[in-house]
Amino acid sequence: MSARRIIEDIFTKPTVFRRKDVLYPEYIPSYLPHREKQLKKLAEIFRNLILNPGEVSQRALVVGDIGTGKTVTTRSFGKELKGIAKAKNIDLKYIHINCHKDRTLYEVVIDIAKQAEVPIPSRGFSAQEVFEYFLKYLERNRSYALIALDEFNYFIETAGNDAVYFLIRIYDENPEQVKRINYIFIVRNLSTLYKLDTATYSYLIKNIVEFKPYTSSELIDILKMRSEEAFHPGSIDDKVIKYIADLEGYDRGGSGNARVAIETLLLAGEAADQEGSKTITLEHVRRARGLLSSDIVNISDSLYYLNLHELLLLKSIINVLKKIKTPYTTMGSVEKEYMHLCSIYGYTHRKHTQVYEYIMNMSKMGIIETRPSGKGTRGRTTLIGIGEVPLEPLEQKIDELLKVKSDTR
Ligand SMILES: Nc1ncnc2c1ncn2[C@@H]1O[C@H](COP(=O)(O)OP(=O)(O)OP(=O)(O)O)[C@@H](O)[C@H]1O
Ligand SMILES: [Mg+2]
């Protein structure tokens, strides 16, 4: 061992983690245990995209409860299909839209164009014009697109029937046209779809791919695979993995949610590190469960979409709420704390209008709550709160994300 390594080893704390990012929600594992059937079904539905590209515009509807692997399986399918298409000289773009983030038709089509790297003049065009431009671009380049609209229920609820109809009826008037657009719609259940008119509804439900909650033994396989990548050999044994799987397994009365199971693994690893323990024990898992609020796990996906200043704002809100010990605070207090944090971290703070926009965006994403002030406060201001999520673990999560963001700065 080099002198440098010996000295460095003394300074760096021991850790059970080999690669922590493997346990983050945005990580796409190369193999998805117990989702072979769903991948196969998707491949069957989109078979013609590879065999007879342009002949039909195909769609699938992915349905399943929270944390059942809908997003990761669809992403992985899209990535692989794109690669297979490329090997056959078909230019297929895979576009993954999170409708929790983009809720209006305009936001969705702009994001589609952006991900497809279609140069769109930034302002002054309607959603319809942007989409038209995108279609022409595909036509000109003889490209195809598979567009996944994830958390599609949010889009149905906020953009409405006409917007959904706009996206799906593109080839109605021109049946002769080469079909370049294909869709995967992702929802947790079918209930929001009942709000749509019959034509739109029956279009959407043609090819359903179902994702069932995971059983305990399925979760064991998932957790084992992720552990092998995430931890140093020998850091976690099968007994501990089985314990987590049994807590979440659908057949054991759990929710069958892989996200919560993986998050438990991450927090248990952190608990072991905090203690300087070389192995993750049942006690670390118990401690992790104490910190885990399902509300946090469920917004943790959205947290990854936040930019650095939104994270700083969220941290400011937490700081203020912790200090004043009331459910809501004011825009003014948050902004003051935010400026303070910016100066500590060495960032230039954003202007008020931008800050306001960030706050509204996080409110729209369901991460924070905002409401206009009622009587009792002077003037009109926006009240800001954090819902029912406990502040400590949320703050821990944000600190971690801030660290990641500032490292990649
Ligand atoms: N079969 C699997 N193998 C490995 N990891 C999985 C598997 N299924 C899910 N995961 C992991 O579990 C977490 C949750 O999965 P995912 O985000 O795909 O769930 P979802 O069904 O989209 O949930 P939601 O309805 O909340 O959007 C992710 O970290 C994902 O990587
Ligand atoms: Mg998802």
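Heads up: numbering here begins at 1 and tracks the sequence. Order of appearance sets the numbers: ligands from 1, and atoms from 1 within every ligand.
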Participant: For atom 14 (C) of ligand 1, which protein heavy atom lies nearest, and how many Å away is it?
Facilitator: Arg259 CB, 3.6 Å
Participant: Please could you name the atoms of ligand 1 that Ile262 approaches to less than 4.0 Å, counting only its heavy atoms?
Facilitator: 11 (C), 12 (O)
Participant: Between Arg226 (side chain only) and Val22 (backbone N and O only), is there a donor and an acceptor less than 3.5 Å apart?
Facilitator: yes
Participant: Considering the options Lys315, Lys322, Lys323, which one meets the salt bridge (charged side-chain N to carboxylate O under 4.0 Å, His left out) requirement together with Glu337?
Facilitator: Lys323
Participant: What do you reckon, is OH of Tyr304 surrounded by more than 12 foreign heavy atoms closer than 6.0 Å?
Facilitator: yes
Participant: Heavy-atom distance under 4.5 Å between the side chains of Arg188 and Asn153, does that happen here?
Facilitator: no
Participant: We want to know whether Arg35 and Tyr214 form a side-chain donor-acceptor pair, criterion being a heavy-atom distance below 3.5 angstrom.
Facilitator: yes
Participant: Look only at interatomic distance and state if Asp150 has a nitrogen or oxygen under 3.5 Å from any nitrogen or oxygen of ligand 1.
Facilitator: no
Participant: Report yes if Lys70 has an N/O atom closer than 3.5 Å to an N/O atom of ligand 1; otherwise report no.
Facilitator: yes
Participant: Within a radius of less than 6.0 Å around CZ of Arg169, do more than 12 heavy atoms belonging to other residues, nucleotides or ligands occur?
Facilitator: yes
Participant: Side chain, backbone, both or neither: which applies to Ala261 and ligand 1 if a contact is any heavy-atom pair less than 4.0 Å apart?
Facilitator: neither
Participant: With distance as the sole criterion, is a donor-acceptor pair present between the side chains of Thr264 and Arg289 under 3.5 Å?
Facilitator: yes
Participant: Heavy-atom distances under 4.0 Å decide this one: backbone, side chain, both or neither, for Glu218 against ligand 1?
Facilitator: neither
Participant: For the residue pair Glu310 / Asn361, report whether a side-chain donor-acceptor contact shorter than 3.5 Å exists.
Facilitator: yes
Participant: Within the 4.0 Å heavy-atom shell around Arg188, which atoms of ligand 1 are there?
Facilitator: 24 (P), 25 (O), 26 (O)
Participant: Measure the distance from atom 19 (O) of ligand 1 to every protein heavy atom, then report the residue, atom name and distance (to 0.1 Å) of the closest one.
Facilitator: Gly69 N, 3.3 Å
Participant: Within ligand 1, which atoms have a heavy atom of Tyr214 less than 4.0 Å away?
Facilitator: 1 (N), 2 (C), 7 (C), 8 (N), 9 (C)
Participant: Return the closest protein heavy atom for atom 28 (C) of ligand 1 as residue, atom name and distance.
Facilitator: Pro25 O, 4.4 Å
Participant: Around atom 4 (C) of ligand 1, find the nearest protein heavy atom and jot down its residue, atom name and distance.
Facilitator: Ile222 CG2, 3.5 Å
Participant: Between the side chains of Asp197 and Thr200, does any donor sit under 3.5 Å from an acceptor?
Facilitator: yes
Participant: Is a donor from one side chain sitting under 3.5 angstrom from an acceptor on the other, for Glu275 and His284?
Facilitator: yes
Participant: Can you pull out the closest protein heavy atom to atom 22 (O) of ligand 1? Residue, atom name and distance to 0.1 Å, please.
Facilitator: Thr71 OG1, 2.7 Å
Participant: For atom 1 (N) of ligand 1, what's the nearest protein heavy-atom neighbour? Residue, atom name and distance, please.
Facilitator: Pro33 O, 2.8 Å
Participant: Looking just at side-chain N and O atoms, do Asp251 and Ser216 make a donor-acceptor pair shorter than 3.5 Å?
Facilitator: no
Participant: Crowded around Phe166 CZ? As in, over 12 foreign heavy atoms under 6.0 Å?
Facilitator: yes
Participant: Can you find a non-hydrogen atom of Gly64 under 4.0 Å from ligand 1?
Facilitator: no
Participant: Heavy atoms only, cut-off 4.0 Å: how does Ile186 contact ligand 1, side chain, backbone, both, or neither?
Facilitator: neither
Participant: Which of the atoms in ligand 1, numbered in the order shown and given with their element, are less than 4.0 Å from a heavy-atom of Arg35?
Facilitator: 1 (N)
Participant: Which residue owns the protein heavy atom closest to atom 29 (O) of ligand 1, what's the atom, and how far is it?
Facilitator: Arg226 NH2, 3.8 Å
Participant: Pick one of side chain, backbone, both or neither for how Phe211 approaches ligand 1, counting any non-hydrogen atom pair under 4.0 Å.
Facilitator: neither
Participant: Nearest to atom 18 (O) of ligand 1, what protein heavy atom do you find, and at what distance?
Facilitator: Val72 N, 2.9 Å
